[in-house]
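Below is one structure, written out as structure tokens; comments come after it.
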There are 2 protein chains.
Amino acid sequence: MTSKTSPLSPSDAAAGYCLDTQVGFLMRRANQRHLAVFAEEISDLTPTQFAALAKLCELGAVSQNALGRATAMDGATIKGVIDRLRTKSLVASSPDPNDQRCLLLKPTAAGWDLFESVAPAAHQITKDTLAPLNEAEQTIFLLLLEKLT
Amino acid sequence: MTSKTSPLSPSDAAAGYCLDTQVGFLMRRANQRHLAVFAEEISDLTPTQFAALAKLCELGAVSQNALGRATAMDGATIKGVIDRLRTKSLVASSPDPNDQRCLLLKPTAAGWDLFESVAPAAHQITKDTLAPLNEAEQTIFLLLLEKLT
DNA sequence: CAAAATCCATTGGTATACATACAAGTTTGT
DNA sequence: ACAAACTTGTATGTATACCAATGGATTTTG
């Protein structure tokens with residue numbers, strides 16, 4: 001057997017490694033399933049685009065980078081997302097008179113309408129994603145997820 | 001207040017929508033943190049590349065698509081991953097004599113060596129990712145994650 | 001007040017990730 | 001045996017996602 005002094009030799013660690021039970025792998029698969037659920041319920045927007053639009057509707061008017069921070073996307077990522085939302089005329093941008101560095105973003109009327117019309121589906125997505133768990137498990141899962149953030 | 005007969009009108013659903021407590025958003029953030037932990041402990045490989053290499057070391061010799069299924073990646077994705085692992089000389093491919101469509105993949109000696117040398121770090125990554133939870137919570141979290149798959 | 005440190009948006013590069021389409025090879029149903 | 005259905009690897013296109021670098025604007029500091 002293995003020596004008791006060292007934690008685990010490389011080859012022992014390799015022998016004991018099982019991808020299918022690792023957090024990272026399980027989280028990736030759980031997320032894959034969630035994305036599939038999302039796509040089935042909301043086809044107009046990707047999950048990321050919906051997150052950006054929802055947060056923008058919640059905040060009203062913010063700069064691009066600020067919206068990125070609020071939605072956990074870096075500057076490069078949020079730019080692409082906003083570009084696509086602008087192409088769809090769901091978001092409008094204007095220079096911030098108080099700070100010439102900033103692009104002030106606001107949802108358009110169409111953006112608001114779309115958000116309101118798909119919000120029920122968004123609730124359903126959360127419900128469907130968590131459907132394999134009973135109610136107590138759902139609560140615990142969300143609690144633990146938040147702790148991991 | 002709201003009518004009791006309909007579940008939730010669009011605008012009510014929109015008003016009650018909070019991105020920060022949605023499963024999808026929380027999973028994305030938890031995953032972001034995991035990826036950061038991973039990158040800090042293993043810089044030679046991306047999480048996806050490591051998953052493919054680890055699974056290939058476990059299975060010995062499989063076709064590209066079969067490895068994709070075993071690691072939950074579609075054909076297009078696993079191709080790119082294997083291409084990059086081949087560029088690094090960690091994986092070798094040869095035609096399958098039994099099925100001319102298949103590329104038979106095998107880890108190279110360098111691939112085995114790298115896998116064994118980073119396997120301890122992989123265990124550490126799982127540990128660090130779950131560090132915000134106590135032991136009981138970690139067990140529950142992994143259990144619930146598996147149920148969601 | 002001027003220099004340093006920050007912040008902002010943008011760009012370029014790399015790496016997933018999935019959908020779709022395709023050609024070549026294999027298996028099935030009849 | 002042979003056409004239909006399926007599988008495999010590949011290619012293309014779109015959408016995240018992050019890092020690093022850049023240039024312009026603002027704030028902090030010395």
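In this text the structure is predicted, and so the values were computed from the model without any measurement.
Residues A:Q32 and A:A66 both approach DNA chain C. Their nearest nucleotides, taken by heavy-atom distance, put A:A66 toward the 5′ side. Comparing B:D74 and A:A76, the nucleotide of DNA chain C nearest to each residue sits closer to the 5' end for A:A76. Comparing A:D99 and A:K88, the nucleotide of DNA chain D nearest to each residue sits closer to the 5' end for A:K88. Checking B:R69 against A:N98, the closest nucleotide of DNA chain D that is more toward the 5' end is the one next to B:R69.
For the pair A:Q100 and C:dA9, the criterion of a side-chain N or O lying under 4.0 Å from OP1 or OP2 is not met. A sub-4.0 Å separation between OP1 or OP2 of D:dT16 and a side-chain N or O of A:T46 is present. At the phosphate of D:dG23, neither OP1 nor OP2 sits under 4.0 Å from any side-chain N or O atom of A:R101. Within the structure, every side-chain polar atom (N or O) of B:T77 is placed at least 4.0 Å from both OP1 and OP2 of C:dT16.
Whole-Å rounding puts the A:M73 CE to D:dA15 C1' distance at 12 Å. Taking atom CZ on B:F38 and atom P on C:dT16, their separation rounds to 10 Å, with Å as the unit. For the pair A:H34 NE2 and C:dC18 C1', the computed distance is 15 Å after rounding to whole Å. Between the CD1 atom of A:I78 and the P atom of C:dT10 there is a distance of 12 Å, rounded to whole Å. Taking atom CG of B:D83 as the reference point, atom P of C:dT16 lies 11 Å away to the nearest angstrom. Taking atom CG of residue A:L35 and atom P of nucleotide C:dC18, one finds them 8 Å apart after rounding to whole Å. Atom CG in A:N65 sits about 15 Å away from atom C1' in D:dA17, given to the nearest Å. Between A:K79 atom NZ and D:dC18 atom P the separation is 17 Å, expressed in whole Å.
In the set C:dT16, C:dA9, C:dT26, the nucleotide with an atom closest to the side chain of B:Q49 is C:dT16. The side chain of B:R84 has C:dA15 as its nearest neighbour among C:dA15, D:dG9, D:dA17.
Between A:F115 and A:F50, the ring planes lie tilted relative to each other; the angle falls in the 30° to 60° range.
Closest non-hydrogen pair, A:R86 versus A:S93, comes out as NH1-OG, 2.6 Å.
The neighbour count for A:K106 NZ, taken as heavy atoms of other residues, nucleotides or ligands under 6.0 Å away, does not exceed 12.
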Intermediate values then yes/no, side-chain hydrogen bond (donor to acceptor under 3.5 Å, both in side chains), A:Q124 and A:D128: CA-CA 6 Å; A:Q124 190 62 42; A:D128 289 353; 2.9 Å; yes

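Using a 4.0 Å cut-off between charged side-chain N and carboxylate O, B:D20 and A:K55 make a salt bridge.
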